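Worth knowing before you read on, the calculation uses all heavy atoms, side chains too, and leaves out hydrogens, waters and symmetry mates. Just so you know, these numbers come straight off a predicted model, no measurement behind them.
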Amino acid sequence: GDESLRQRSAGPLLDAIEQLGARVDREGDCVPFTIEGPITGGAIMLESPVSQFLSGLLLAAPFTPEGVEIDVPLLNERPYVGITLGWLDRLGIAYTREEWRRFVVRGGQEIAPFQTRVPADFSSATFFAVAAAMTHSSVTLQGLDLTDSQGDKEVLSVLESLGAEVDRPGDPGADLTVSGASGGVDLAGGSVDLNSMPDALPSLAILGTICSDPLELVNVPQARAKETDRITAMTSIINGLGGVARELPDGMVIEPRRLQGGVADSLADHRIAMALAIGGLISKEPVRITNAEVASVTFPGFYKRLAECGAQVEIGE
């Protein structure tokens, strides 16, 4: 695993698959570790501070001989588990659930080959939507599905609540357009619950610097357990670029002070790199991003696309 993975605990998931019959050779809760299957099934309790733990087990459970019962006392990022359940539904996998607290998946199931179209990624689209809202311009986003359960879809509603305009088509699969507030007025501040959309924290933190009032991003403690501690990282980055931000235990507060510009490190976090890029659009002086290439982890060609939208992007060696 790379440096960030070596700092991200998979402990609850490793404990769970051990209880389900697999053998895990490890020294701690982070990579490196070695897993030897198969898992056979059983009943477990799983805390899922990040959605991937539960989603991974739900995808594996149908193919165990005994089936799996999962009690979940803690679950963040519910919409992403909703995506997983949507795929199970589509593929005819039998399961039951009691709200978001208990899941029972029958074992010995199979799926047939299939062909489908995968919708575009709202998490990646967020950076362009926020960029348009911040710069009083507009961007048209293609390939998104408004019926999708992706958590970051709600960023569109957040932008609308702050004063931006979102032209939502009648067809949920048609193009949609995001524009800045009418009349060129500043976006409003306020409090935004990010528990279901933690990946939006870096971009919305940048947006907070140009709001008319403080922007509070809350209920997102899992943002501390991503590629880096994004709460601490974005607070430090904004302050280092001339803005004003402070940490909360489960989020951050960004004051309405425009960034001055300067040099900032992505900390090998793809979403921080892309957030810094759109930060350069509204800072007084340019923003120079070190380790910028990490954006390709989820969005190869991100800087080229940003330039195609009119941004002045200079890519160094």
side-chain contact (heavy atoms from CB on, under 4.5 Å), that's the test. Do Leu58 and Ile93 meet it? Break it down for me.
CA-CA 10 Å; Leu58 289 172; Ile93 296 298; over 6 Å; no
Please walk me through it: do Ser123 and Asp152 pass side-chain hydrogen bond (donor to acceptor under 3.5 Å, both in side chains)?
CA-CA 6 Å; Ser123 297; Asp152 281 8; 2.8 Å; yes
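- Under a hydrophobic clustering in which Ile, Leu, Val, Met, Phe, Trp and Tyr are joined whenever their side-chain heavy atoms come within less than 4.5 Å, directly or via other members, Ile282 and Val313 fall into the same cluster.
- At distances below 3.5 Å, at least one donor-acceptor pair connects side-chain atoms of Gln222 with backbone N or O atoms of Asn195.
- Rounding to the nearest 0.5 angstrom, the gap separating the OG1 atom in Thr126 from the CG atom in Leu159 is 8.0 Å.
- By the 4.5 Å heavy-atom criterion applied to side chains, Met197 and Val158 are counted as neighbours.
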side-chain contact (heavy atoms from CB on, under 4.5 Å), that's the test. Do Met252 and Leu201 meet it? Break it down for me.
CA-CA 9 Å; Met252 57 190 297; Leu201 182 138; 3.9 Å; yes
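- In the hydrophobic clustering of ILVMFWY residues, with side-chain heavy atoms under 4.5 Å counting as a link, Ile44 and Val105 come out together.
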Would Lys284 and Arg258 count as a side-chain contact (heavy atoms from CB on, under 4.5 Å) here? Give the steps.
CA-CA 8 Å; Lys284 292 183 178 180; Arg258 186 176 293 273; 4.0 Å; yes
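- The pair Arg26-Asp15 meets the salt-bridge criterion, since a charged nitrogen lies less than 4.0 angstrom from a carboxylate oxygen.
- Asn76 contributes atom CG, which lies 9.0 Å from atom OG of Ser51 (distance to the nearest 0.5 angstrom).
- The main-chain N or O of Arg97 is never found under 3.5 Å from a side-chain atom of Glu99 such that the two would form a donor-acceptor pair.
- Rounded to the nearest 0.5 angstrom, Ile39 CD1 and Thr64 OG1 are separated by 6.0 Å.
- The minimum heavy-atom distance between Gly11 and Ser9, with the atom names listed, is N-OG, 3.1 Å.
- For Glu308, the CD atom counts as densely surrounded, since its 6.0 Å shell holds more than 12 non-hydrogen atoms of other residues, nucleotides or ligands.
- In this structure, Arg230 and Val220 have side chains that are not in contact, with every pair of non-hydrogen atoms separated by 4.5 Å or more.
- Within the 4.5 Å cutoff, no side-chain heavy atoms of Asp148 are placed close to those of Leu144.
- Pairs of residues two or more places apart, or lying in two chains, never qualify as salt bridge (charged side-chain N to carboxylate O under 4.0 Å, His left out) while including a residue from residues 206-222.
- Rounding to the nearest 0.5 angstrom, the gap separating the NZ atom in Lys304 from the SG atom in Cys309 is 12.5 Å.
- Atom CD of Gln7 is surrounded by more than 12 heavy atoms from other residues, nucleotides or ligands within 6.0 Å.
- Legend: ring pair (Phe, Tyr, Trp, His ring centres under 6.0 Å) pairs involving residues 74-103, not counting sequence neighbours, sorted by first then second residue: Trp87-Phe114.
- The hydrophobic cluster containing Val244 does not contain Val253, counting ILVMFWY residues as joined when their side-chain heavy atoms lie under 4.5 angstrom apart, directly or transitively.
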Evaluate the side-chain contact (heavy atoms from CB on, under 4.5 Å) criterion for residues Leu176 and Leu156: first the C-alpha distance (whole Å), next the side-chain angles of each, then the deciding distance (0.1 Å), finally the verdict.
CA-CA 10 Å; Leu176 61 89; Leu156 299 176; 4.1 Å; yes
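- Shown are Val178, Thr140, Leu141; of these, the side-chain contact (heavy atoms from CB on, under 4.5 Å) with Phe128 is made only by Leu141.
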For Glu255 and Arg257, run salt bridge (charged side-chain N to carboxylate O under 4.0 Å, His left out): C-alpha distance rounded to whole Å, both residues' side-chain angles, the deciding distance at 0.1 Å, then the answer.
CA-CA 6 Å; Glu255 299 291 337; Arg257 179 180 296 182; over 6 Å; no
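- Of the possible donor and acceptor atoms, one in the side chain of Asp250 sits under 3.5 Å from a partner among the backbone N and O of Asn219.
- Two different hydrophobic clusters hold Val24 and Met45 under the rule that ILVMFWY side chains link at heavy-atom gaps under 4.5 Å.
- Following chains of ILVMFWY side-chain contacts shorter than 4.5 Å, one can reach Ile70 starting from Leu85, so the two form part of one hydrophobic cluster.
- Side chain of Ser236 to main chain of Thr232: no donor-acceptor pair is present (N/O by atom type, distance under 3.5 Å, no hydrogens or angles).
- Within the 4.5 Å cutoff, the side chain of Pro169 has heavy atoms near those of the Leu146 side chain.
- Each of Thr290, Asn291, Ile289 was scored for a side-chain contact (heavy atoms from CB on, under 4.5 Å) with Glu293, with one residue passing: Asn291.
- The closest donor-acceptor contact from the side chain of Ser179 to the backbone of Val166 lies at 3.5 Å or more, if one exists at all.
- Side chains of Leu57 and Val68 form no contact here, defined as non-hydrogen atoms less than 4.5 Å apart.
- Taking CD1 of Ile111 as the start and CZ of Arg90 as the end, the distance is 12.0 Å to the nearest 0.5 Å.
- Among all heavy-atom pairs drawn from Ala264 and Leu276, the shortest one is CB-CD2, 3.8 Å.
- In this structure, Phe127 and Phe299 have side chains that are not in contact, with every pair of non-hydrogen atoms separated by 4.5 Å or more.
- For residues 57-83, the salt bridge (charged side-chain N to carboxylate O under 4.0 Å, His left out) pairs, not counting sequence neighbours, are Glu69-Arg102, Asp71-Arg102, Glu77-Lys226.
- In terms of heavy-atom proximity, Gly189 sits nearest to Leu162 at O-CD2, 3.5 Å.
- In this structure the side chain of Pro256 reaches within 4.5 angstrom of the side chain of Pro214, judged on heavy atoms.
- Between Thr228 and Ile272, the closest side-chain pair of non-hydrogen atoms falls below 4.5 Å.
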Show your reasoning for whether salt bridge (charged side-chain N to carboxylate O under 4.0 Å, His left out) applies to Asp145 and Lys153.
CA-CA 9 Å; Asp145 182 357; Lys153 176 178 67 176; over 6 Å; no
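- Considering every non-hydrogen atom in both Ser203 and Val130, the closest pair reads O-CG1, 3.8 Å.
- Closest heavy-atom contact between Pro32 and Arg6: CD-NH1, 3.6 Å.
- The shortest heavy-atom contact between Arg224 and Leu248 is NH2-O, 2.9 Å.
- If you take CG on Asp175 and CZ on Arg168, they are separated by 14.5 Å, rounding to the nearest 0.5 Å.
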